[in-house]
Amino acid sequence: MPLRTHPKPMDQLFAPWRIEWVERDGGNDEDGCVFCTLPESDADRENRIVARGERAFVLLNNYPYNPGHVMVIPHAHGGEYGVLDDETLLEHARLKQRTFDALREALDPDGFNAGMNLGGNAAGGSIDDHVHTHIVPRWSGDSNFMAVVSDTKVIVEALDDTYDRLHDAFAAQENATSEGKKTAVRLGL
């Protein structure tokens, strides 16, 4: 019997800056939930927390679909939307609104995709026990030939550069306080 071979060799994309994310502390249970532990740290820039309210924060996605892909995350731990109290729901909504404004100012996208993965593994998210909303800036034609012909997504901007641009855009908003780029912008919501 002939040895089966894969019809196409596996593509490799080298991204050595990703090792920091791979080696980070934290798991996915409540005590080690990355969305619970990151905002407790005083390393906002390193953790890519770009803005904070009292009950929620904005985090750059380490695996972005496009430059500026962020998540708006309530501090309250829970995988069901119904666990959020009214004050948290309101702040989460307002922080999403402020995030759209900051992304428009910083990146000038043509549109957005926004959504939540609810329902555990069936919904497709990698963190299913802490509610969060993905916001992905979109540009006309952003799905280029690389994704079509080689199953490779090209991210055209480094996360640190995106962080700086978003940080500046949040800092320029009304009722925003910035103590420099090492800490997230504090937003009065």
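Here, residue 1 is the first one in the sequence, and each next residue gets the next number. Worth knowing before you read on, the calculation uses all heavy atoms, side chains too, and leaves out hydrogens, waters and symmetry mates.
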query = When you look at E80 and V131, which way does the side-chain contact (heavy atoms from CB on, under 4.5 Å) test go after all the steps?
reply = CA-CA 6 Å; E80 296 295 327; V131 170; 5.7 Å; no

task = Decide if atom CD of E179 counts as having more than 12 heavy atoms of other residues, nucleotides or ligands within a radius under 6.0 Å.
result = no

key: Considering all heavy atoms, the nearest A102-A169 contact   = O-CB, 3.4 Å

ask   = When rounded to the nearest 0.5 angstrom, what distance separates CG in L95 from CG in L90?
value = 11.0 Å

key: Nearest heavy atoms of L84 and A76, plus distance in Å   = CD2-CB, 4.0 Å

CA sep, side-chain torsions, deciding dist, call: N117, H134, side-chain contact (heavy atoms from CB on, under 4.5 Å) = CA-CA 9 Å; N117 298 322; H134 290 263; 3.8 Å; yes

query = Less than 4.5 Å apart, any side-chain heavy atom of R138 and any of Y65?
reply = yes

key: Candidates L38, L59, T183 - the one meeting side chain to side chain contact (heavy atoms under 4.5 Å, CB included) with D44   = T183

task = Decide, yes or no, whether a salt bridge links D101 with R104 under the criterion of side-chain N to carboxylate O below 4.0 Å.
result = yes

query = Where do A184 and I49 come nearest, in terms of heavy atoms and distance?
reply = CB-O, 3.4 Å

ask   = From L103 CG over to D108 CG, what is the distance, rounded to the nearest 0.5 angstrom?
value = 11.0 Å

query = Using the benzene-type ring in the case of Trp, are the ring centres of Y163 and H167 under 6.0 Å apart?
reply = yes

request  = May I ask you to test the F112-V136 pair for a side-chain heavy-atom distance under 4.5 Å?
outcome  = no

More than 12 heavy atoms of other groups within 6.0 Å of D85 CG = yes

task = Carefully, step by step, assess D129 and F35 under the rule side-chain contact (heavy atoms from CB on, under 4.5 Å).
result = CA-CA 10 Å; D129 63 347; F35 292 160; over 6 Å; no

key: Nearest heavy atoms of G79 and L118, plus distance in Å   = O-CD2, 4.0 Å

key: Near-ring test H130/H132, centroid separation under 6.0 angstrom   = no

key: Side chain R52, main chain P39, donor-acceptor under 3.5 Å   = yes

Minimum-distance pair of heavy atoms, taken over all atoms of P67 and P137 = O-CG, 3.4 Å

task = Answer yes or no: does atom CD of E54 have more than 12 heavy-atom neighbours from other residues, nucleotides or ligands under 6.0 Å?
result = no

message = Using modelled atom types and a 3.5 Å cut-off, is there a donor and acceptor pairing between side-chain atoms of D110 and backbone atoms of S140?
response = yes

ask   = Is there a side-chain contact between C33 and H77, using heavy atoms and a 4.5 Å cut-off?
value = yes

task = Over all heavy atoms of both residues, which pair between I135 and V72 is shortest? Give the atoms and the distance, please.
result = CD1-CG2, 3.9 Å

Whether over 12 other heavy atoms sit under 6.0 Å from Q173 CD = yes

inquiry  = So, applying side chain to side chain contact (heavy atoms under 4.5 Å, CB included) with F57, which one of N47, I73, V50 is it?
reply    = I73

task = Measure the CZ-CZ distance between R94 and R55 for me, rounded to the nearest 0.5 Å.
result = 12.0 Å

note = CG of N66 to OG1 of T162, rounded to nearest 0.5 Å, is 10.0 Å

Test: R45 and D164 ion pair at under 4.0 Å = yes

message = Rounded to the nearest 0.5 Å, what separates atom NE2 in H92 from atom CG in L189?
response = 11.5 Å

note = Here the gap from R98 atom CZ to E91 atom CD, rounded to the nearest 0.5 Å, amounts to 10.0 Å

ask   = Are L159 and D161 side-chain neighbours, meaning at least one heavy-atom pair lies under 4.5 Å?
value = no

request  = Among R48, K182, K181, find the one that has a salt bridge (charged side-chain N to carboxylate O under 4.0 Å, His left out) with D160.
outcome  = R48

